[in-house]
Amino acid sequence: MSKTIESVIECPFYLEEGEGFIACEGLLKKSACKHTFPTDSDKRQYETDFCCVKGGRNCPHYRAVAILYETGKRV
């Protein structure tokens with residue numbers, strides 16, 4: 001069964017989340033990036049403020065990965 005937060009995540013680079021972390025598509029080909037947070041509450045706040053809004057476009061990591069697609073360095 002899907003977690004509630006995962007049903008509202010809009011970011012296309014989001015992979016999964018767990019206790020104190022969010023995993024996203026990495027900057028390197030075939031990699032993932034694990035963002036860790038001091039508390040689960042901090043992680044939830046980040047997901048609510050960035051991952052679930054405007055397709056994740058306000059997230060700094062989203063912007064870094066999106067540039068790879070926009071410049072043709074990732075397809």
Side-chain angles (χ1 to χ4, degrees):
M1 178 178 262
S2 173
K3 298 177 191 173
T4 304
I5 192 68
E6 290 181 339
S7 66
V8 293
I9 297 284
E10 295 180 8
C11 182
F13 306 126
Y14 171 90
L15 298 175
E16 66 177 331
E17 60 101 26
E19 191 172 326
F21 78 90
I22 301 169
C24 305
E25 181 177 332
L27 293 174
L28 304 175
K29 196 179 251 187
K30 297 182 182 180
S31 73
C33 184
K34 187 175 184 180
H35 305 280
T36 58
F37 297 83
T39 68
D40 208 44
S41 176
D42 291 330
K43 179 198 64 164
R44 288 275 184 226
Q45 189 64 53
Y46 193 88
E47 288 172 322
T48 301
D49 293 346
F50 293 95
C51 306
C52 298
V53 180
K54 296 183 181 180
R57 289 185 297 276
N58 289 336
C59 174
H61 187 77
Y62 170 97
R63 291 193 304 265
V65 176
I67 287 170
L68 296 173
Y69 285 98
E70 291 166 6
T71 59
K73 294 179 179 167
R74 177 93 44 91
V75 289

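Numbering starts at 1 and runs along the sequence shown.
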Asker: On a heavy-atom basis, which atom in Gly20 and which in Asp40 lie closest, and how many Å separate them?
Answerer: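 For Gly20 versus Asp40, the nearest heavy atoms are N-OD1, 3.3 Å.
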Asker: Are any non-hydrogen side-chain atoms of Leu15 and Cys33 less than 4.5 angstrom apart?
Answerer: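 No, their side chains stay 4.5 Å or more apart.
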Asker: Rounded to the nearest 0.5 Å, what's the gap from NZ on Lys30 to CZ on Arg74? Could you check?
Answerer: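 Here the interatomic distance stands at 11.0 Å.
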Asker: To the nearest 0.5 angstrom, please state how far the CG atom of Leu68 sits from the CZ atom of Arg63.
Answerer: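 With rounding to 0.5 Å, CG (Leu68) is 14.0 Å from CZ (Arg63).
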Asker: Could you check whether any side-chain heavy atom of Glu6 comes within less than 4.5 Å of a side-chain heavy atom of Tyr14, counting everything from C-beta outward?
Answerer: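 Yes, at least one pair of side-chain atoms sits under 4.5 Å.
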Asker: To the nearest 0.5 Å, tell me how far His61 NE2 sits from Leu27 CG.
Answerer: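 With rounding to 0.5 Å, NE2 (His61) is 5.0 Å from CG (Leu27).
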Asker: Please examine the side chains of Val65 and Cys24, heavy atoms only from C-beta on, and report whether any two atoms are closer than 4.5 Å.
Answerer: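 A side-chain contact is absent here, since even the closest heavy-atom pair is not under 4.5 Å.
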Asker: Phe37, Ile9: one ILVMFWY side-chain cluster at the under-4.5 Å cut-off?
Answerer: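 Yes, same cluster.
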Asker: Give the minimum heavy-atom separation between Thr4 and Ser7, together with the two atoms involved.
Answerer: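 The pair with the smallest heavy-atom distance is O-OG, 2.5 Å.
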Asker: Give me the atom names and distance for the closest heavy-atom approach of Pro12 to Gly55.
Answerer: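 So the two residues come closest at CD-O, 3.4 Å.
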Asker: What I want to check is whether the side chains of Tyr69 and Glu25 have a donor and an acceptor closer together than 3.5 Å.
Answerer: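 Yes - a donor-acceptor pair under 3.5 Å links their side chains.
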Asker: Testing the basics here: between Tyr46 and Cys59, what is the closest heavy-atom pair and its distance to 0.1 Å?
Answerer: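 Looking at all heavy atoms of both residues, the closest pair is OH-SG, 3.0 Å.
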Asker: Grab the two heavy atoms, one from Val53 and one from Glu10, that are nearest each other, plus how far apart they are.
Answerer: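 Where Val53 meets Glu10 most closely, the heavy atoms are C-OE1, 3.6 Å.
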Asker: CG/Asn58 to CZ/Phe50 distance, rounded to the nearest 0.5 angstrom?
Answerer: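 Between Asn58 CG and Phe50 CZ, I get 6.5 Å after rounding to 0.5 Å.
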Asker: Closest heavy-atom contact between Tyr62 and Cys11?
Answerer: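 Minimum heavy-atom contact is CD1-SG, 3.8 Å.
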Asker: First locate atom NZ of Lys43, then atom CD1 of Ile22, and finally report the distance between them rounded to the nearest 0.5 Å.
Answerer: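 Taking NZ in Lys43 and CD1 in Ile22, the distance rounds to 6.5 Å.
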